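Everything below concerns the one structure shown next.
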Protein chains: 2
Amino acid sequence: MQQPGTRAAERAEGPRPSGRPPLTERRKAETRLDIAYEAVRLFAERGVAATSGEDIARAAGISPRTLWRYFPSKEECVRPLLSTGLETTARRLRELPADRPLREGLEAGLPQAGEADTTTAQLQLIRLLPGEPGLRAVWLRVHHDAEHVFAGIIAARTGADPADLVPRLKAVMLNGALRVAAEEWARRSAEADQAAGVEGFRQAVLQATEALGL
Amino acid sequence: MQQPGTRAAERAEGPRPSGRPPLTERRKAETRLDIAYEAVRLFAERGVAATSGEDIARAAGISPRTLWRYFPSKEECVRPLLSTGLETTARRLRELPADRPLREGLEAGLPQAGEADTTTAQLQLIRLLPGEPGLRAVWLRVHHDAEHVFAGIIAARTGADPADLVPRLKAVMLNGALRVAAEEWARRSAEADQAAGVEGFRQAVLQATEALGL
DNA sequence: CAGTTTTTGGCACTCACTGCCATAGTGGCG
DNA sequence: CGCCACTATGGCAGTGAGTGCCAAAAACTG
């Protein structure tokens, strides 16, 4: 099923695309993602408890010792797939002109038609969360880490101090709404279809931004 | 410093107050709380990493094997101290007449004057969270578990289905605000005084309930 | 007080993770 | 091309968290 000795990164896209100077950086990022994908696959197949760190390492074509250098725990292996969404969202919000409502930045960039390729693994992972407390902890932690980022963005738009109570509260509440929105997306994508999932996300975001005046 | 063989429960309040029928239940609950207090004390003294499960067990006067029967991990030992606040809050909200605004139930029961005895350990624990990822995970998990409870309460007041998006969103956002409120309480209690802490909590709750129309 | 159930403890085991050191790639430079 | 510095990887051994299993003790029942 898996070629034990084969580097996952190499399987992923054949000959490396001649990276510029930070070649070594690229390699590490790729390995990180490879581990993440393999971990999600194994967790989905047999569950987290039945998957050992050694299993993940073998699937990714690295030694266990190296796996623990990339991630501090087996659950954390999935973090890249859980955090990219929030990171790109934060980037879009930062680039949004201060006179545009925040929800425009949140709705932009949603998959419009049928292209759901890249997000498939993410959605599958989010659907795993209810039954896997260890993964849920990572999910909550990722969102918690995003709180101060959103607080900074919201504060910057209003000229407030990011340490003030109001921007922090708005950030936490928006962040929670984004979490529910993503969970709703994943749920509806499985029960109905992609379009229904995206619509669920949009509705949740709309409700939240309206209530918070964003 | 600690009498190793002495049951922590017995130290806590001398001769047991002649419990009625469910004596065994009472005992277990007491032991649970004892473990929690000892764990917080040790975590605060030396940090989580430098505290072993055996240390906690010894401090609580039980064997390690028994400790793992009460809690699934050493970090989880502090859970009782993190969850009681949310539980009493939920109880008060449930008992609140449906025609009263929710914030009345949230402000009721706050320590009015100087009696901060029982909450001291909780506040100390919350102040530990920023530097202890493992404990922060428990904190987030406790709040996550409270989400569906709040969703039920909010849904019941409006006659909506607890599974609907709107009550769920309001619950998550309120819940996040309560978390920030508690953190603010703990922070200000240390930097200023009790009154300032409680005031921080009240302000955060007010902001949130106003934005959410609760 | 005897019998039954529940709770606790001891023991051995697995596995997540870490520090230490050797080895193999990788990039820079004459 | 060949040498050198650096970094990434792997192996090995160790710690400690957490679990299953069984025996001892304590609590509840009649």
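Quick caveat: nothing in here was measured; it's all calculated off a predicted structure. Proteins come first, then strands; the chains are lettered A, B, ... in the order of their sequence lines, and each starts at number 1.
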Fill in: Lys/Arg N to Asp/Glu carboxylate O, A:Glu54 vs A:Arg58, below 4.0 Å
yes

Worksheet item: Less than 3.5 Å between a donor and an acceptor, one on the side chain of B:Arg69 and one on the base of C:dG9, is that the case here?
Response: yes

Worksheet, complete the sentence: note: A:Asp55, atom CG; C:dA16, atom C1'; distance rounded to Å ~ 13 Å

Fill in: Separation of atom CZ in B:Arg27 from atom C1' in D:dA27, rounded to whole Å
9 Å

Discussion item. Does a side-chain N or O of B:Tyr70 approach OP1 or OP2 of C:dT7 to a distance below 4.0 Å, or not?
Written reply: no

Worksheet, complete the sentence: Rounded to whole Å, the CD-P distance (A:Glu30 to D:dT9) equals 12 Å

Worksheet item: Does the side chain of B:Ser63 get closer than 4.0 angstrom to OP1 or OP2 of C:dT8 through an N or O atom?
Response: no

Worksheet, complete the sentence: note: A:Glu75, atom CD; D:dG18, atom C1'; distance rounded to Å ~ 13 Å

Fill in: B:Glu184/B:Arg188 ion pair, N-O < 4.0 Å
yes

Fill in: Residue B:Arg65, side-chain heavy atoms: nucleotide from D:dT19, C:dC21, D:dG18 that is nearest
D:dT19

Discussion item. Closest approach to the side chain of A:Lys28, judged atom by atom: which nucleotide of D:dC22, C:dC20, D:dA8 is it?
Written reply: D:dA8

Worksheet item: Just wondering, do B:Phe43 and B:Glu38 contact through their side chains at under 4.5 Å, heavy atoms?
Response: no

Worksheet item: In terms of the nearest nucleotide of DNA chain C, which residue is placed more toward the 5' end: B:Thr66 or A:Trp68?
Response: B:Thr66

Discussion item. Regarding B:Glu183 and B:Arg187, does a basic nitrogen lie under 4.0 Å from an acidic carboxylate oxygen?
Written reply: no

Worksheet item: Between A:Ile62 (CD1) and D:dG10 (P), how many Å, whole number?
Response: 7 Å

Worksheet item: Closer than 4.0 Å, any side-chain N/O of A:Ser73 to the OP1 or OP2 of C:dA16?
Response: no

Item to complete: Would you indicate, yes or no, if D:dG18 has its OP1 or OP2 atom less than 4.0 angstrom from a side-chain nitrogen or oxygen of B:Lys74?
Response: no

Worksheet item: Of B:Ser52 and A:Pro64, whose nearest nucleotide on DNA chain D comes first from the 5' end?
Response: A:Pro64

Worksheet item: What's the CD1-C1' distance between A:Ile35 and C:dC17, to the nearest Å?
Response: 15 Å

Worksheet item: Separation of A:Glu54 atom CD from C:dA16 atom C1', in whole Å?
Response: 12 Å

Practice prompt. Starting at atom CZ of B:Arg58, determine the distance to atom P of C:dG10, rounded to an integer number of angstrom.
Written response: 13 Å

Worksheet entry | Check: A:Thr31/A:Asp34 side-chain N/O donor and acceptor closer than 3.5 Å | no

